[in-house]
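Below is one structure, written out as structure tokens; the observations come after it.
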Amino acid sequence: RMDASRQMAKVSKIAKLKPPANFHDLRRSYASLLINAGTDTEIIKELLGHADLRMTIRAYAHLKEKTVQTAVNKNLPDFGRDESNVRAIRG
């Protein structure tokens, strides 16, 4: 893993990424893409190796809310209305 971290630092420098990318960035991007694709949170928990589902939900709740809102907007009929009256879910 250390060698891979050094390689990431090297590639980030070559790509002039500021701040440089790290494995945590890739992990969060992976999980974010899964959430946005509608993957069940329990599956994401397993893939990330979280011990508790609450950890996964806490880290990605903001994306889950947006995914739900997008699904509602996409799948419900508009009943002839031009604009949506769907509001973000508040916990």
Check: What is the distance from atom CD1 of Ile44 to atom CD1 of Ile35, rounded to the nearest 0.5 Å?
Finding: 3.5 Å
Next item on the list: With rounding to the nearest 0.5 Å, note down the distance linking CG in Leu53 to CD in Glu46.
Entry: 9.0 Å
Item checked: Any donor-acceptor pair under 3.5 Å from Ser12 side chain to Pro20 backbone -> no
Check: Between the main-chain N or O of Asn22 and the side-chain N or O of Asp25, is there a donor-acceptor pair closer than 3.5 Å?
Finding: yes
Margin query: Are Leu26 and Val11 linked, directly or through intermediate hydrophobic residues, by side-chain heavy-atom contacts shorter than 4.5 Å (ILVMFWY only)?
Written below: no
Check: Can you tell me how far NZ of Lys10 sits from OG of Ser5, rounded to the nearest 0.5 angstrom?
Finding: 14.5 Å
Next item on the list: Report the distance from atom OG1 of Thr56 to atom CG of Leu34, rounding to the nearest 0.5 Å.
Entry: 11.5 Å
Next item on the list: Supply the atom-to-atom distance Tyr60 OH to Leu48 CG, rounded to the nearest 0.5 angstrom.
Entry: 5.5 Å
Note to self: How long is the straight-line distance from NZ of Lys18 back to NZ of Lys13, given to the nearest 0.5 Å?
What the structure shows: 8.5 Å
Next item on the list: Determine, using the 4.5 Å side-chain heavy-atom cutoff (strictly less than), whether Ile57 and Leu47 are members of one ILVMFWY cluster.
Entry: no
